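As the structure is a computational prediction, the values presented were derived from the model and not from experiment. Lettering follows sequence order; numbering is per chain, from 1.
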Amino acid sequence: MDKYNYNEIEKKWQEFWAKNKTFKASNKSDKPKFYVLDMFPYPSGAGLHVGHPLGYIASDIYARYMRHRGFNVLHPMGYDSFGLPAEQYAIQTGQHPAKTTEVNILRYREQMDKIGFSFDWDREVRTSDPEYYRWTQWIFLKLFDSWYDNEQNKARPIEELIAHFANQGNEKINAASDEDAPVFTASEWSAFDESQQQEILLKYRLTYLAETEVNWCAELGTVLANDEVVNGVSERGGYPVVRKKMKQWIMRITAYAHRLLNDLDKIDWPQPLKDSQTNWIGKSKGAIVEFAIQNSSVKIPVFTTRPDTIFGVSFMVLAPEHEAVLEITAKEQKEEVEKYIEATAKRSERDRLSDVKKITGVFTGAYAEHPFTGEKIPVWIGDYVLASYGTGAVMGVPAGDQRDYDFAKHFKLPIPAIFKDVDISEEAFSGKENSILINSDFLNGMSYAQAMEKIIAALEAKGVGKEKINYRLRDAVFSRQRYWGEPFPIYYKNGTPYPIPETSLPLQLPEVEKYLPTETGEPPLGRAAEWAWDERNAAVVDNKKIDNKIVFPLELNTMPGWAGSSWYFFRYMEDEKRAEVFASPEALNYWKNVDLYIGGSEHATGHLLYSRFWVKFLYDRGLVAVDEPFKKLINQGMILGESAFIHRVEGENRYVSDNIKEQYKTYPIHVDVNFVNVHNELDVEAFKGSGSEFENAEFIFEKDRTFKVSREVEKMSKSKFNVVNPDDICEQYGADTLRMYEMFLGPLEQSKPWNTAGITGVHGFLKKLWKLYHSGTDGKFLISEKSASKPEMKVLHKTIKKVQEDIEAFSFNTSVSTFMIAVNELSALKCNAREVLEPFLILISPYAPHIAEELWHKIGHNESISNAAFPTFNESYLTEDEKEYPISFNGKMRFTLKLPLEMSKDEVESAVMSHEKTQHYLEGKSPKKIIVVPGKIVNIVH
RNA sequence: GCCUUGGUGGCGGAAUUGGUAGACGCGCUGGAUUCAAAAUCCAGUGUCUUCGGACGUGUGGGUUCGAUUCCCACCCAAGGUACCA
């Protein structure tokens, strides 16, 4: 008897595919292209658990399906191999991160190979490979070499800006730049010396160096991006994070804010993800209004979304960090103001967030002048105003803003009424609809929309303000004080940054003897013996030669994790791995962008936003053919683990079974799920051997002599002892079973717990499938060349239709069910006809490629099944002559009636009415109305 | 608070444009086979029932001949975000 020996079959075909390079993608083809991509993994030391491959299996099914449909499919895989865990491991053990990373990658590869993915491994990338990161550095240099033209709405080479400065100065230029860029004429520009010019240019470059407040994490010895800080502590490790000023490389992503927002309409992404990005970018429309400070030359601009409420201003509040605070503060308030500033600076972001409700502030003693009424407006400082948003100052309109209202109430400031018939004795009125302005001079009697238009015109006419669109999005800090990242291709001459020449890339990571920051607080690269730039020879040289005039220090920071992942999808396109281009123009023009991207939603405001930014930039500079990287995106859900707990009696080395734990005072501790069976029973003997603390422990059993654990669904993690390894599943059930079961578990987008118990259903199905092709005596391989019966063909075509629909809707879980039904039906029909069994293999091969490939060869093919064309659906096999109509009375189904399908409405109606059961259910009444939906239902209302 | 997604048996989950709710799988019950077990196969399995039927898709209304599906209000859960002026 031929047994379904999955281990042998899977090994055989995995080797066959690798040897024949079955899934190698070509950059030249007559077929239409299709690019299917997974978010590449960070190769961690823990290896893969069953949750990781979920998205890879889905994308693999789609990639294989598209090959069957006649597409030239690009389906690559690689590693995001720079990262903090390898570095921390290096700090602890002294092992070079490159080494541990290499080991982890090999392990990942081994695990992935066992699942039978159709990746083109010839295109693999690793972000930590110098041959890869030379291009990450190159793109950085391109950003350094660019500025953003707001007129043309694109990035342009910096030379064009220099030329403009030399001809016309910068008065008329509309470019994305730092707020503090000085205004100069052409002749002034020419008079500046080299370092002055460079300093100004830095204020326009798309990546620039600036002293900024950053999230400094002392425990990790590094700066973190906003999205790496969660609730005031580091996302990784949960260490405290404080605000600190540091000189950092910054990406001018804000120049792209409006395009990043608008172009969301062009891409097919899940709504929640688009919403996340929309919120993150945070566009708000309003106006800048300038308030002059009395008895001083200081003018303070505020940003407001409600300039229409300007006649309701009764005070002004500046952020404590606002640069004008000390200048305007009156002598008698000075002490109090300084005390307040000091107090807020000490409070970490975390503290500030934790007591949001507390209202604090101090009067500066200064007064601003109302731009229209000239009234005196007291100027306060308060920490509810953030220095980093808008202009760091607000106009206080208590009637129209709840926070201003609370502030006014607390400090007993006036609350002028500016809305007709609105009660503001308890709270502010912040609505825009159905309000009429009063006490507002020339805005009296106007609605929100009318007043907005009028006030902006008035502000502009008076020269005290203008319309302004403000974004919440900030420029992205790009420096990390780490070792295991891309070095910046930058050196410093008298403190001014200069790019190292493109031809000298990659600038390779230097060796260091320790991966910690230096004693003087410099990043780890400060420890490198050779880390200075020899301009004349274009080479990295010894630090000690710095005295020599032609040798300059190199940047000590490295790039963040998102640098390498913001463009890797282009490197995959390059088939020859050419060293002279990041991807050849032919390759870029052929593959264009990713048609389908699958990955987790946790990257919504990180990777997925930064990638869009870099791609738009590369597009502007004519380096790539598209301005969005990912056309369609799907977020796969997480596969969670079912943790198991035993209950320890407090203060004792005794453990109680779950059902009787109430009799004791206990607390739960995790136990390894491998010691627990399907019935939640712990194998106590085996468990005792797992750790010394349990060896002599006492276990209190239930009446039936079992020891039960309690269960809880949590994230899969080593520390929770709930990890299920895909290798074990492949060993025990086979990769095809694993693939199908992961899909069968539920909708792709949904998070769901892993439960190995249910896998037998899918495994049994594959055995049944195998049996279909073994109809010979004693289960020997045999299929028939006779033509199939009509019912058999019907099963096939029903399946073709459903599976095709399912795959195209990414509803992989339901197509597994469809296969199960089909195999059950074909088994019942004792079908063994090639006419049915051959196309059926193609349908199933994206899901269970190994068994499909094996049977495909058994039925006489030499070529891989992946080259076979997807079977064509033929409607005629599904058309029926008769239909079983459900007959309902007042909407309730009572019986069914088989009727010819070609019957007209009237014929169906009379056939139903003349039926004896109809008379029975009518109970002597006459029908009021009869609804006939041909082919579907008959409903009789009586 | 705001935005988004969701709520269906013991469990994971199906249900096309409103038309037989619970497909498929797990689990459970009974049976066949076996010395026995595993494996395999067959039958049953939403709840209640006076065996006629009644009730059932988070709750309460509405539209409709007919609602898991559409509309209104509310409750709950998950994710994102937050002194954003």
Side-chain angles (χ1 to χ4, degrees), chain A residues 231 270-280 282-284 286 302-307 309 317 319 352-353 355-359 382-386 388-397 400-404 406-407 430 470-474 601-602 604-605 635 637-638 678-679 740-741 744-747 749-765 767-768 771 801-802 805 809 811 813-822 824 827 884-896 927-933 935-942:
Chain A
N231 295 328
Q271 196 55 44
L273 212 137
K274 284 191 181 184
D275 290 339
S276 284
Q277 292 209 347
T278 305
N279 289 339
W280 193 260
K283 179 178 178 173
S284 43
V302 303
F303 174 72
T304 174
T305 53
R306 297 295 303 273
T309 63
V317 188
R352 275 217 222 176
L353 281 173
D355 51 50
V356 165
K357 294 282 168 302
K358 207 166 155 195
I359 297 158
D383 70 359
Y384 85 93
V385 178
L386 304 176
S388 51
Y389 183 77
T391 63
V394 301
M395 59 181 210
V397 184
D401 183 285
Q402 192 56 44
R403 288 155 306 167
D404 294 347
D406 294 340
F407 195 83
S430 54
N470 203 47
Y471 294 95
R472 196 189 79 108
L473 184 73
R474 322 270 167 80
S601 58
E602 66 273 20
T605 53
N635 291 129
M638 219 188 315
V678 200
H679 306 287
M740 290 203 108
Y741 187 54
F744 183 67
L745 233 37
E749 298 89 335
Q750 220 166 78
S751 287
K752 56 241 158 186
W754 175 268
N755 175 13
T756 306
I759 205 168
T760 54
V762 173
H763 189 59
F765 151 74
K767 286 196 212 166
K768 276 187 216 165
K771 270 196 187 165
K801 183 165 191 261
K802 186 71 167 61
E805 283 168 1
S811 176
N813 55 328
T814 50
S815 39
V816 178
S817 297
T818 306
F819 286 129
M820 290 183 176
I821 295 165
N824 281 338
S827 300
E884 195 147 346
Y885 278 90
I887 314 299
S888 299
F889 291 80
N890 289 340
K892 286 213 164 67
M893 208 280 284
R894 296 299 178 177
F895 65 96
T896 61
K928 281 186 198 142
K929 199 173 170 188
I930 299 164
I931 293 116
V932 179
V933 184
K936 286 205 166 164
I937 201 162
V938 178
N939 190 19
I940 299 161
V941 187
H942 60 91

Reckon A:K283 touches a base, only the sugar-phosphate, or nothing at all at heavy-atom distances under 4.0 Å? nothing

Can you give me the N/O atom pairs linking the protein to nucleotides 13-23 of chain B at distances under 3.5 Å, or say none if there are none?
unit_1: B:G13; atom_1: OP1; unit_2: A:Q750; atom_2: OE1; d: 2.8
unit_1: B:G13; atom_1: O3'; unit_2: A:N813; atom_2: ND2; d: 3.4
unit_1: B:A14; atom_1: OP1; unit_2: A:N813; atom_2: ND2; d: 3.1
unit_1: B:U17; atom_1: O4; unit_2: A:K936; atom_2: NZ; d: 3.2
unit_1: B:G19; atom_1: N2; unit_2: A:N939; atom_2: ND2; d: 3.4

Holding to side chain to side chain contact (heavy atoms under 4.5 Å, CB included), I want the full list of residues that pass it with A:S817, two or more places apart in sequence or in another chain. A:F744

Check for a donor-acceptor pair, side chain of A:S888 on one end and backbone N or O of A:N939 on the other, with a separation under 3.5 Å. no

Whole-angstrom distance between B:U63 and B:G18, as gauged at atom C1': 12 Å

Taking B:A39 as the reference, what is the distance to B:U49 when you measure between their C1' atoms (whole Å, please)? 40 Å

Both A:G282 and A:V941 contact RNA chain B. Taking the nearest nucleotide for each, which residue is further toward the 5' end? A:V941

B:U4 pairs with which nucleotide, Watson-Crick or G-U wobble, both distances below 3.5 Å? B:A78

What contact category does A:D404 fall into here, base, sugar-phosphate, or nothing, at under 4.0 angstrom with non-hydrogen atoms? nothing

Watson-Crick or G-U wobble partner of B:A54, both distances under 3.5 Å: B:U47

Both A:I940 and A:T760 contact RNA chain B. Taking the nearest nucleotide for each, which residue is further toward the 5' end? A:T760

Please measure how far the C1' atom in B:G61 lies from the corresponding atom in B:A67, and state the result in whole Å. 14 Å

Could you tell me how far B:C65 sits from B:G12 if I compare only their P atoms? Round to whole Å. 37 Å

Within this structure, what is the CG-to-P distance between A:N755 and B:G25, rounded to whole angstrom? 16 Å

Shortest side-chain distance from A:S276, nucleotide among B:G80, B:A85, B:C65: B:G80

A:L273 CG to B:G80 C1', in whole Å, measures 10 Å

In whole angstrom, what separates A:N635's CG from B:G80's C1'? 12 Å

Proximity to the side chain of A:T605 - top-ranked nucleotide from B:C84, B:C26, B:U81: B:U81

Whole Å only: how far is the CG atom of A:D275 from the P atom of B:G79? 17 Å

With rounding to whole Å, what would you report as the distance between B:G10 and B:U5 at their P atoms? 29 Å

P atom, B:U68 versus B:U33: distance in rounded Å? 45 Å

Sequence-distant partners of A:K767, side chain to side chain contact (heavy atoms under 4.5 Å, CB included), two or more places apart: A:Y4, A:H763

Across all strands, who's sitting opposite B:G9 as a Watson-Crick or G-U wobble pair, both distances under 3.5 Å? none

Watson-Crick or G-U wobble partner of B:A23, both distances under 3.5 Å: none

A:N470 CG to B:A85 P, straight-line distance once rounded to whole Å: 8 Å

Set of residues satisfying side-chain hydrogen bond (donor to acceptor under 3.5 Å, both in side chains) with respect to A:N635, sequence neighbours excluded: none

Distance below 4.0 Å between A:R894 side-chain N/O and B:G53 OP1 or OP2: no

Using the test ring-ring contact (aromatic ring centres under 6.0 Å, His included), find all partners of A:F303 that sit at least two apart in sequence or belong to another chain. none

Would you say A:Y741 and A:N755 are linked by a side-chain donor-acceptor pair, where the criterion is simply a distance under 3.5 Å? no

Once you apply a heavy-atom cut-off of 4.0 Å, does A:K767 come out as touching a base, just sugar-phosphate, or nothing? sugar-phosphate

Base orientation of B:G56, syn vs anti, 90° cut from 0: anti

So, taking the atom named CD in A:Q277 and the one named NZ in A:K274, what distance separates them when rounded to the nearest 0.5 Å? 10.0 Å

Syn or anti for B:G52, given that syn means the glycosidic angle lies within 90° of 0? syn

From the options B:A82, B:C83, B:G25, select the nucleotide whose nearest atom is closest to the side chain of A:R472. B:A82

Whole Å only: how far is the CE atom of A:M638 from the C1' atom of B:G80? 13 Å

Apply side chain to side chain contact (heavy atoms under 4.5 Å, CB included) to the pair A:Y384 and A:D404, showing each step before the final yes or no. CA-CA 10 Å; A:Y384 85 93; A:D404 294 347; 2.7 Å; yes

Can you tell me the Watson-Crick or wobble partner of B:C35, both distances under 3.5 angstrom? none

When the distance from CG of A:D383 to P of B:A85 is rounded to whole Å, what number comes out? 17 Å

With both distances under 3.5 Å as the test, what is the Watson-Crick or G-U wobble partner of B:C84? none

Residues forming a ring-ring contact (aromatic ring centres under 6.0 Å, His included) with A:Y389, sequence neighbours excluded: none

Mate of B:G30 across any strand shown (Watson-Crick or G-U wobble, both atom pairs under 3.5 Å) is B:C42

One should read off an interatomic distance between A:S811 OG and A:E749 CD, to the nearest 0.5 angstrom, of 8.5 Å

B:C42 versus B:U47 - spacing of their P atoms, nearest Å: 23 Å

A:D406 has an atom CG; how far is it from atom P of B:C83, in whole Å? 15 Å

So which nucleotide does B:A73 pair with, by the Watson-Crick or G-U wobble rule with both distances under 3.5 Å? B:U59

Taking the C1' atom of each, how far is B:A21 from B:A14, in whole Å? 10 Å

Give a yes/no on whether any side-chain N or O of A:R474 is located under 4.0 angstrom from OP1 or OP2 of B:C84. no

